[in-house]
Peer 1: 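Please read through the structure below; I'll follow up with questions.
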Amino acid sequence: MREFSHQSWPKSKAEASRRQKETASQIRLLPLDEEPHLITAVETVYGNGSDVLYACAVTMSFPELEEVERVFAEGPPGFPYVPGFLYFREGAVISQALSNLKETPQLVIVHGHGTAHPRRCGLASHIGVVLDIPTIGCCRRLLTGHHRELPPTKGANQPIMLATRQVGVAYRSKENVKPIYISPGHRCDLPDAVSIVQRCLRGFRQPEPLRLAHLLANKLKQRSEKKIRVKPELAEETA
DNA sequence: GCGACAG
DNA sequence: ATCTTGTCGC
């Protein structure tokens, strides 16, 4: 996939905020220009103690949802964790993982928000603009905005409102389970974002590509950190 | 000033 | 995100 164009990372929240406003002006929320055949999901997990991020990107056929490719990357965060500024923390390692893909997908689902963001430029939107690819943000928790309560039934949904604008959808992807939060990132609109995520569900809370990316990113992390765990009460005997 | 706050 | 065992429910 397209090579990541290196950027400098901001040194302050003010600078980061300014970058987001500039980037937001480049976001295009239009219907997908083609039915995707390949969908990639990318997810990052955090190392224990060590300051390392582990990213995994998984490509699946669509709508069959069979895995076709998995790639990884790891590296240091580019920014401290500050709610609203995830791109500057995870963007580099995510871009690196995506650049390892042999085949370019027609759409990328990012674990994070798209336009459901204080400056309407969440992780998914920023990744989409920088790499010029269609993206969707799919998140487990709300960062900003509000929505009415959802019935417990699968498929229930409510608009996520930011001031008077709808920036996404709270969607009950599984009965009696907390909703997921869907918002378009770039080169995709809200109806298409919701439709695609719906069609990626396979009985779990998270859409299948994201669920798999999460599992594999954690597998990479555990292999990389080679943890040796011993039950405390058995430590003496073992030692 | 206070609360809220993706990973 | 993570620290954390068993447990309740589909």
Side-chain angles (χ1 to χ4, degrees), chain A residues 9 13 16-17 19-20 23-24 41-57 73-95 97 108-128 135-147 152-154 160-163 167-186 193 197 201-207 210-211 213-222 224-225 227 229-234:
Chain A
W9 301 109
K13 288 170 65 175
S17 183
R19 287 265 299 271
Q20 289 179 331
T23 304
V42 62
E43 158 113 15
T44 298
V45 299
Y46 292 55
N48 291 331
S50 58
D51 212 18
V52 180
L53 305 182
Y54 303 94
C56 175
E74 60 179 86
F79 203 72
Y81 171 65
V82 182
F85 298 93
L86 264 198
Y87 170 76
F88 303 106
R89 182 168 177 77
E90 304 186 356
V93 66
I94 288 175
S95 299
V108 176
I109 301 175
V110 179
H111 186 189
H113 290 295
T115 57
H117 179 276
R119 288 161 293 283
R120 306 188 68 190
C121 187
L123 177 62
S125 293
H126 213 132
I127 291 286
T135 57
I136 291 173
C138 187
C139 217
R140 305 172 51 170
R141 296 171 59 187
L142 206 54
L143 170 63
T144 189
H146 300 86
H147 66 84
T153 52
K154 176 178 180 178
I160 300 170
M161 304 302 295
L162 187 56
V167 294
V169 164
Y171 189 89
R172 187 87 67 186
S173 53
K174 182 178 180 181
E175 188 169 345
N176 292 322
V177 168
K178 288 187 295 184
I180 56 177
Y181 300 94
I182 305 165
S183 59
H186 179 56
V197 171
L201 295 175
R202 288 293 186 275
F204 297 92
R205 184 191 182 200
Q206 300 279 355
L210 214 43
R211 195 175 73 90
H214 180 73
L215 290 172
L216 295 175
N218 272 311
K219 185 179 293 186
L220 166 67
K221 168 185 170 180
Q222 287 166 25
S224 180
E225 298 189 344
K227 283 190 170 182
R229 302 179 193 177
V230 179
K231 284 191 173 183
E233 60 270 29
L234 298 179

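The basis for the numbers below is simple: all heavy atoms, side chains too, and nothing from hydrogens, waters or symmetry mates. Protein chains get the first letters and strands the later ones, always in sequence-line order, with residue 1 at the start of each. In this text the structure is predicted, and so the values were computed from the model without any measurement.
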Peer 1: Looking for any heavy atom pair under 4.0 Å, which part of the strands does A/Gly84 touch: base, sugar-phosphate only, or nothing?
Peer 2: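 Touches a base.
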
Peer 1: From B/dA6, B/dG7, C/dT2, pick the nucleotide closest to the side chain of A/Glu90?
Peer 2: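 Closest nucleotide among those given: B/dG7.
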
Peer 1: Expressed as a whole number of angstroms, how long is the span from A/Ile94:CD1 to B/dG7:P?
Peer 2: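 Result: 12 Å.
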
Peer 1: If you look at every strand shown and take non-hydrogen atoms under 4.0 Å, does A/Thr144 touch a base, only sugar-phosphate, or nothing?
Peer 2: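 Here A/Thr144 touches no strand at all.
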
Peer 1: Please tell me which of the listed nucleotides, C/dT2, B/dC5, B/dG7, lies nearest to the side chain of A/Pro83?
Peer 2: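 Looking only at side-chain atoms, A/Pro83 lies closest to B/dC5.
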
Peer 1: What does A/Leu53 touch in the nucleic acid at a heavy-atom separation under 4.0 angstrom: a base, only the sugar-phosphate, or nothing?
Peer 2: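 No contact.
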
Peer 1: A/Asn176 has an atom CG; how far is it from atom P of C/dG9, in whole Å?
Peer 2: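 Checked: the CG to P distance equals 12 Å.
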
Peer 1: Rounded to whole Å, how long is the line connecting atom CZ of A/Arg140 with atom P of B/dC5?
Peer 2: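 Rounding to the nearest Å, CZ of A/Arg140 and P of B/dC5 are 15 Å apart.
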
Peer 1: For residues A/Lys13 and A/Phe79, report the shortest heavy-atom separation together with the two atoms involved.
Peer 2: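 Closest approach of A/Lys13 to A/Phe79: N-CZ, 4.3 Å.
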
Peer 1: Output yes when at least one side-chain N/O atom of A/Arg89 is less than 4.0 Å from OP1 or OP2 of B/dG7, else no.
Peer 2: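 No, no such contact exists.
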
Peer 1: Counting side-chain heavy atoms from CB outward, which of B/dA6, B/dG7, C/dT2 is closest to A/Asn48?
Peer 2: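 Side chain of A/Asn48 sits closest to C/dT2.
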
Peer 1: In whole Å, what is the span from the NZ atom of A/Lys178 to the P atom of B/dA6?
Peer 2: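 Nearest whole value for this atom pair: 12 Å.
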
Peer 1: Examine B/dA6: is either OP1 or OP2 under 4.0 Å from a nitrogen or oxygen in the side chain of A/Tyr81? Give yes or no.
Peer 2: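 For B/dA6, OP1/OP2 do have a side-chain N/O of A/Tyr81 under 4.0 Å.
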
Peer 1: Rounded to whole angstrom units, what separation is found between the CG atom of A/Asn218 and the C1' atom of C/dT2?
Peer 2: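 From A/Asn218 CG to C/dT2 C1': 11 Å.
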
Peer 1: What is the distance, to the nearest angstrom, from the CZ atom on A/Phe85 to the P atom on B/dA4?
Peer 2: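 Those two atoms, CZ and P, are 19 Å apart.
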
Peer 1: Rounding to an integer number of Å, can you tell me how far A/His146 NE2 sits from B/dA4 C1'?
Peer 2: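 It works out to 8 Å between those atoms.
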
Peer 1: Looking at B/dA6, I'd like to know if its phosphate oxygens (OP1 or OP2) sit under 4.0 Å from a side-chain N or O belonging to A/His117.
Peer 2: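 Looking at the OP1 and OP2 atoms of B/dA6, neither is under 4.0 Å from any side-chain N or O of A/His117.
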
Peer 1: Would you please indicate if the ring centroids of A/Trp9 and A/Phe85 are separated by under 6.0 Å?
Peer 2: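 Distance test on ring centres: not under 6.0 Å, no.
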
Peer 1: Below 4.0 angstrom from OP1 or OP2 of C/dA1, is there any side-chain N or O of A/Arg141?
Peer 2: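 Answer no for this pair, as no side-chain N or O of A/Arg141 is under 4.0 Å from OP1 or OP2.
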
Peer 1: Among B/dG7, C/dT2, B/dA6, find the nucleotide with the atom closest to the side chain of A/Lys221.
Peer 2: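 From the listed options, C/dT2 comes nearest.
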
Peer 1: Is the number of heavy atoms from other residues, nucleotides or ligands within 6.0 Å of CZ (A/Arg205) greater than 12?
Peer 2: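 Yes, the 6.0 Å shell around CZ holds more than 12 heavy atoms from other groups.
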
Peer 1: Do you know which two heavy atoms are closest between A/Ser183 and A/Ala193, and how far apart they sit?
Peer 2: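 Closest approach of A/Ser183 to A/Ala193, heavy atoms only: C-CB, 4.5 Å.
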
Peer 1: Without decimals, in angstroms, what is the distance between A/His214 NE2 and C/dT2 P?
Peer 2: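 After rounding, the gap between these two atoms is 7 Å.
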
Peer 1: Give the minimum heavy-atom separation between A/Leu86 and A/Tyr46, together with the two atoms involved.
Peer 2: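 Minimum heavy-atom contact is CD2-OH, 3.8 Å.
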
